There are 2 protein chains.
Amino acid sequence: MALDHRKKDILKVIVDDYIETAEPVGSKYLVSKYHLPVSSATVRNTMSELEQQGYLEQPHTSSGRVPSDKGYREYVENLMQVEWLPPEEARGIRMALTEQVNEISTLLRRASGVLSETTGYLSVALPPQAQSSQLLQVKLLMIEPGRALIVVVLSAGQVKDRIVRIPDLLSAEDLLKISQAIEANLAGMKLKDITFVAVQSAMQATSLPESLLNQIMYEAYTAIKQSDNLDSYLNGMPNLFAHPEFQDISRARNVVDKLSQEGLLFGLLDRQWESERTSGQLTPQPSDLPENQADQKRGPTTPGEADCKPCRYMIRIGQELQSEGLEDCSFVTTTYTLPGKLMGFIGVLGPMRMNYSRVISHISFVRQTMDDLIARSARLNRDSQHKEQ
Amino acid sequence: MALDHRKKDILKVIVDDYIETAEPVGSKYLVSKYHLPVSSATVRNTMSELEQQGYLEQPHTSSGRVPSDKGYREYVENLMQVEWLPPEEARGIRMALTEQVNEISTLLRRASGVLSETTGYLSVALPPQAQSSQLLQVKLLMIEPGRALIVVVLSAGQVKDRIVRIPDLLSAEDLLKISQAIEANLAGMKLKDITFVAVQSAMQATSLPESLLNQIMYEAYTAIKQSDNLDSYLNGMPNLFAHPEFQDISRARNVVDKLSQEGLLFGLLDRQWESERTSGQLTPQPSDLPENQADQKRGPTTPGEADCKPCRYMIRIGQELQSEGLEDCSFVTTTYTLPGKLMGFIGVLGPMRMNYSRVISHISFVRQTMDDLIARSARLNRDSQHKEQ
DNA sequence: TTTAGCACTCAAGTCTCCCGAGTGCTAAAA
DNA sequence: TTTTAGCACTCGGGAGACTTGAGTGCTAAA
């Protein structure tokens, strides 16, 4: 069932061209534009076979062919060439990401912004799955009697705060006691391992009257548990409208609708999360990790950029997204890593006809740069900690 | 130059009908649909005069009339009737806003969500202009050597945190000292009155070596000053696509483009801010405060809702927005108030052909409810503080 | 196995025609 | 003086006919 050489060549050229022009491609046009060493009739026969095998579709009789989901899948797995980023562009991206970044949230905002700008599609960046983060600190600050600010600091520099109601009688000292007790008992635990009972028993160590504690216990627990509810960064919505597949307003609306739904992106990425953990196959097709095509090995253009190679990424095409309204879209995602086996996601969403090669090289580079920055910052901290001792 | 009675009637009916149908309205149709006591010829004459006076436009000869910017302006100022919210709807909104709200940011998120859902347009909610907020607390929490979390608490329960680099040598105690010094010197000041010199002199009271302080001073200053950079809440983008004026993708794109520009909304609202302060006229037309039309005085349907009356709001129509890309839109905004003369904004953006009456009644009610909730919460705090003494 | 040739298909553009809702103007009616 | 009836005119938009051209499948020859 594998495709012979000619079929591969022709399929590749068809997808390349369709990505470029958004027009169904025909046999004669193909031969003349790409100087194929065969006649249009031969191409026609090949196309016909590719169609029978499900790699191509015909919008209507007597029109050119268009890649099917399966065709794109074959293309991204075996046919396309991922180009390296031109060094100027790489330098620009690196600078944009490096400047003035103290927090992971700033880095994510930048990453998303850069991706949408350089690819011309929609991009999204999600903070690490905080459920696996460790709790580092919990602080309770009195705002005014009856209201306190609870600040939860997680590993990898994630911070979440929220205001909670507390019993009027609690003093600033009580709050200090409570937060110290929580920290003493829960610091270092993973968020997902923290239970209500754990919070309860931690707080009982404060020897404060139980009646007071009862009122704040639940607030503290939910504040801690929900601190994974961090912000996602989405950029480039207007970019989508530039592509011909979204000229039809109803499609555009479907997509915007979907993307506005809180939680949808998390859902999509959870699936990747799953498949990363089990490092197994994806449901629709074994799609992950096409990281080692032979034709990709030609080196980078500058030695300085040598440390960026295409990395683990996942591509979901059309139906594979299993999301009504996104049938015409593809989603390329990858994960960045933080110390402590934490992972977060960045992704680019565009029409199925997106320039996969371009997107992959950009997202790879952004991911690599993020990993570098994070690692460097972690190293700096380790060093300075070392120095202190 | 004032419009006589018939002209007013006819203009009102035209705008009403155009808002409902989005079709240019013609004379004969108008007479038969609304049983006007005059003939179509008379209506035609009147329309022709209204057009000459600039209240109506004709998309092309031999088509019906459409309101112009000026026509809408006359409509919202003198012609439309603002209906009260049906009590069930009011109750629903009130419940949605009341539930589990501890923070101003939650309230804003809810308010924006409710507005976009109930009006079917796009809505936005902005936090109070923090430059006029008072600084209440500044806390510095050690995250790890070299990095600290600075938490800035403003009046009205606004909280902003960010991670800053600090000299490696600073200890947790140093941080405590610094934050206490800042609080002691700056607490109670308005954000806009805080200068770099003030921070500087505050921190010198810590008697820490100047070399250490120099490194953190600027960070602290910018963290405090930029704490007004709070999040805005925008909902209902997909709603816009449902309206016929945005079926043309390029218009839709213009709007989405504009709205994606960080800062645009703030800019639009700054202008309102200005005009609220000087309580003077708006540039294009004296547009604010049409709050006392006589025909609006018929009471609410239930006594329970009696405390909600249409409030100060501002309507900007088409060109008045002075924003390229939003020429076909209108923007209805109002301000909610917080203790200490703080003000924030909520607004609804829709096609120029939006249902102003509906939007105004909803936004008024939401504003009123927000003000109530905020005031009640402030009262509770005052009471409990009182009790403690 | 490949190619040349031919007949066939069909979307999309263009042209024409026609309909109807709408207008402005004028002269008669109120 | 104001309103109405009547009439001629306008023009967007929909329906239908026609053309064009890029594309296909099939068959027979190279």
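None of these values were measured; they are calculated from a predicted model.
- The separation between B:D4 atom CG and D:dT3 atom C1' is 14 Å, rounded to whole Å.
- Nucleotides of DNA chain C lying under 4.0 Å from heavy atoms of chain A occupy a range whose first and last members, 5' to 3', are C:dT2 to C:dA11.
- Between the side chain of B:T42 and the backbone N or O of B:V38, no donor-acceptor pair lies under 3.5 Å.
- Atom pair B:M47:CE and D:dT3:P shows a separation of 16 Å (rounding to whole Å applied).
- For D:dG21, the paired base is C:dC10 (Watson-Crick or G-U wobble, both distances below 3.5 Å).
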Worksheet item: When you look at B:S123 and B:N235, which way does the side chain to side chain donor-acceptor pair (under 3.5 Å) test go after all the steps?
Response: CA-CA 5 Å; B:S123 73; B:N235 285 78; 4.9 Å; no
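- Between the base of D:dT10 and the side chain of B:T61 there is no donor-acceptor pair shorter than 3.5 Å.
- Across all strands shown, D:dT27 pairs with C:dA4; the Watson-Crick or G-U wobble distances both stay below 3.5 Å.
- Between A:R73 and A:E320, at least one side-chain N (NZ, or NE/NH1/NH2) sits under 4.0 Å from a carboxylate O, which counts as a salt bridge.
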Practice prompt. Given side chain to side chain donor-acceptor pair (under 3.5 Å), test B:S361 with B:S364 step by step and report yes or no.
Written response: CA-CA 5 Å; B:S361 57; B:S364 295; over 6 Å; no
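- Ring pair B:F241/A:F241: centre-to-centre distance below 6.0 Å.
- Relative ring orientation between A:Y72 and A:Y18 is described as tilted, the plane-to-plane angle lying within the 30° to 60° band.
- No option in A:L122, A:V332, A:V124 other than A:L122 meets the side chain to side chain contact (heavy atoms under 4.5 Å, CB included) test with A:L349.
- Base-pair partner of D:dT1: C:dA30 (Watson-Crick or G-U wobble, both distances under 3.5 Å).
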Worksheet item: Please walk me through it: do A:D16 and A:Y34 pass side chain to side chain donor-acceptor pair (under 3.5 Å)?
Response: CA-CA 11 Å; A:D16 275 340; A:Y34 296 94; over 6 Å; no
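- Near-neighbour residues of DNA chain D inside residues 14-45 of chain B, defined by a heavy atom below 4.0 Å, number-ordered: B:V38, B:S39, B:A41, B:T42, B:R44, B:N45.
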